[in-house]
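Every chain is numbered from 1 and lettered A, B, ... according to where its sequence line falls, protein lines coming before strand lines.
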Protein chains: 4
Amino acid sequence: MSARSESAPTDRFVPERLVEAATRLFADKGYPATSVQEIADAAGVTKGGLYHYFKSKAELLHEVYRRLLFLQTYRLEQIATSSGSPAERLRAAAEDVVTSSANSLREVTVFFREMHHLPPTTLATVRAERRRYHERFRGLVEEGQRVGEFRPDISADLVTHSFFGAIHHMAVWYRPSGPKSVTEIGADFTELLLSSLRPVTPAT
Amino acid sequence: MSARSESAPTDRFVPERLVEAATRLFADKGYPATSVQEIADAAGVTKGGLYHYFKSKAELLHEVYRRLLFLQTYRLEQIATSSGSPAERLRAAAEDVVTSSANSLREVTVFFREMHHLPPTTLATVRAERRRYHERFRGLVEEGQRVGEFRPDISADLVTHSFFGAIHHMAVWYRPSGPKSVTEIGADFTELLLSSLRPVTPAT
Amino acid sequence: MSARSESAPTDRFVPERLVEAATRLFADKGYPATSVQEIADAAGVTKGGLYHYFKSKAELLHEVYRRLLFLQTYRLEQIATSSGSPAERLRAAAEDVVTSSANSLREVTVFFREMHHLPPTTLATVRAERRRYHERFRGLVEEGQRVGEFRPDISADLVTHSFFGAIHHMAVWYRPSGPKSVTEIGADFTELLLSSLRPVTPAT
Amino acid sequence: MSARSESAPTDRFVPERLVEAATRLFADKGYPATSVQEIADAAGVTKGGLYHYFKSKAELLHEVYRRLLFLQTYRLEQIATSSGSPAERLRAAAEDVVTSSANSLREVTVFFREMHHLPPTTLATVRAERRRYHERFRGLVEEGQRVGEFRPDISADLVTHSFFGAIHHMAVWYRPSGPKSVTEIGADFTELLLSSLRPVTPAT
DNA sequence: TATGAATGAGTTTTCATTCAT
DNA sequence: TATGAATGAAAACTCATTCAT
């Protein structure tokens, strides 16, 4: 029913191709600098065809957000509710965020950089969901602080903001072709995060 | 600070007003979504007047970068070459970056978010200077690792990337009207940075 | 009234619903400002469905004209050929035009306002039929003038034009919810028409 | 300062030419069916130039209304406040409306036929002014009824509506090249109007 | 009989920039 | 030094119509 071969823009369904093209172009040139014509061309569709599936350019942007949010929220939820100590779960969550973000670099770039171009209502929804996501992650830090695994005198909020800032920033410097693999970078980032949370007087 | 010129006093501030207006608008709406007309209006100048001082919209964007880069580079240089242990200098540098970034939130926003709209040559220059800045900061980390003040098994490069990612991300959540002062946030961020660098086996 | 066909009962009314929806939308927004999609939506049909019954948007407009012309011509013919003095027949005709127009306000609006959007051949037909209608009505006035019931020194043509102009204009000010009933307005209009035709020296 | 020669579209000022072109095209093809491109072309200006003077297509339509309303209101006011019996003033007003409308046939056509395409606020203004105009004219009829010059049992409101309907309708049948001059038609229309208002029992 | 995908030409509007004054 | 008229290219979006199914 779906893709029988593995290349050519005519594979996969049209809306799929449109979202992919849009993601790539938005990441490369920014949302306002990308024309609907370019998206249509890149997806091998006419402009009219694009508007058959998405009622505006903004709706395409929204779709990029929906997909990333859905994916990330789902994964974090899975990890946060699994068994293991807070430190273990935070470690798993951090590694997962880093690797999945590295694999969706374009989406991440668009997410942070173009957010202010979302229509107001959509923006509110997206922000609310991102806040929930933030709180979920922060919750793991707080849990660890409560049970004594993490330094309690460092703001869990700040740690979370800092961590996601670092993730977002990956889009600026990380290149899949670079010297380190995604897994290594995930491990490094996680180590850095946990390192900053080590208790001042280690349990003897 | 600049221009001690000889023309009428109202004249002297026109370019200044233009850059300020442009910074604000670029931060609020993004570079491509801001029209030259809006900038001129916000600065109380006609479009023709704007083109008298800046030969293109891109040049205005460039100017925003020049100012921020100049300022930050200068301050970091001062601190890095001052006396004190690496840890002391890193602390001072980190605090300074946080507070000065918080005070120039709009410039920082524009810096990271709109960079890809710079004309190619300017972009190359800006990237080079940012790389130097990054290396200067990373150097402080490496120094501290060499003298044993910081954990040596954490990538100095990653720490630096992470830190600047966090700074940039401030523009997303920090509001001057929020509960914490700039100084407090600077202290917190710095503590977080240094905490992550604490040696695993504390100096006995 | 028409179509005693043999297909499914829901089918039979689709074209009917389409013409009604089109009439309403053309009257509200004008012919060019109404999209085929809107008409289809309003009739609860898909666009494809609409094109099954009408081969173009223009044909729908044409249909609005056909119906109104058929109706009005038929009624005037009936009245004009009935018995009674010219004044009596003119009175009956006028009352009938006013009331039937008031009951088909939307059709009347479309008739006069959107006529120039008819395709050329249709337009010619419609104009010819309207001219016949005009002449039929004017004939009644002229008859009355010949037999001395009406002032002979007033142009029958002008009276007719004026009367139909007034009728058309009803769409601008008349509202079914207004203070006067359709019958009252019909009586008033008729009185006004006949009043203007009264002989200068009343029959003694 | 103004037109030195009497033809060529480059004479007169640009906004003037644009309004004239718009009036003609709106009258010929209707407002929605007229493209901004056509107006610009007809006025010998680029589309950008058009938008330099009028901020939207709707504003051009509005301008057509402003001019006609201003003109007609001014003339009626002059006549209504002049000396003479109500009948004399009504006669003067009617003749003037007919002739000035005949000389602005296109404006009149646009006025009645395209009114519903005005933006809501403008529409409200225009309707209010038209209502004042209507009331002014109706006032003359009422005055004449009060002093016994006109039949009191005919609705002054209906007479006024009817008269303006007839005027509007002129655009449908009147051609400057026709057999009757504007003045003759004005006289005929006026005679018709006054004829309908003659008292039933003439003053003996 | 009816659908919905797709097209391509056309719509209004914006905008960075130039230039005569 | 500054203005405002003018341009021309490009933007987002709409729409009547066709057609395979």
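Take the nearest nucleotide of DNA chain F for G48(D) and for K57(C): the residue whose nucleotide is more 5' is G48(D). Toward the 5′ end of DNA chain F lies the nearest nucleotide of L50(D), the other residue of the pair V36(C) and L50(D) mapping further downstream. Annotation: of the two residues near DNA chain E, K47(C) and T34(B), the 5′-most nearest-nucleotide partner is K47(C). Nearer the 5' end of DNA chain E, as judged by each residue's closest nucleotide, is the contact made by G49(C), out of G49(C) and A33(D).
The side chain of S35(D) approaches dT11(E) more closely than any other nucleotide in the set dA6(E), dT11(E), dT1(F). Distance from the side chain of V45(C) is smallest for dT3(E) among the nucleotides dT13(E), dA6(E), dT3(E). If you check dG4(E), dA10(F), dT7(F) against the side chain of T46(C), the one that comes closest is dG4(E).
Rounding to whole angstrom units, CG of residue L18(B) and P of dT1(F) are separated by 14 Å. Between the CZ atom of F54(A) and the C1' atom of dA12(F) there is a distance of 16 Å, given to the nearest Å. Separating the CD atom of Q37(B) from the P atom of dA6(F) is a distance of 16 Å, rounded to the nearest angstrom. For the pair E16(D) CD and dA5(F) P, the computed distance is 16 Å after rounding to whole Å. Following rounding to the nearest Å, I39(C) (CD1) and dT17(F) (P) show an atom-to-atom distance of 10 Å. For the pair K55(A) NZ and dC15(F) P, the interatomic distance rounds to 15 Å; values are reported in whole Å. Between D41(B) atom CG and dG4(F) atom C1' there is a gap of 13 Å when expressed in whole angstrom units. In this structure, the CD atom of E59(D) is 14 Å from the C1' atom of dT12(E), given to the nearest Å.
Note: R130(A) CZ to L123(A) CG = 9.0 Å, rounded to the nearest 0.5 Å.
Regarding contacts with the backbone of dA6(F), a side-chain N or O of Y53(D) is found under 4.0 angstrom from either OP1 or OP2. Note on H52(B): a side-chain N or O is less than 4.0 Å away from OP1 or OP2 of dT1(F). Of the side-chain N and O atoms in Y51(A), none sit less than 4.0 angstrom from OP1 or OP2 of dC15(F).
The aromatic rings of F26(A) and Y31(A) stand perpendicular to each other, their planes meeting at an angle above 60°, with 30° marking the opposite boundary.
L18(C) is listed as a side-chain neighbour of F54(C), based on a closest heavy-atom distance under 4.5 Å.
With hydrogens and angles ignored, the 3.5 Å screen pairs a side-chain donor or acceptor of E59(C) with a backbone N or O of K55(C). Of the possible polar contacts, one joining the H117(A) side chain to the K29(B) backbone as a donor-acceptor pair under 3.5 Å is found.
Look at dC19(E): its Watson-Crick or wobble partner, with both distances under 3.5 angstrom, is dG4(F).
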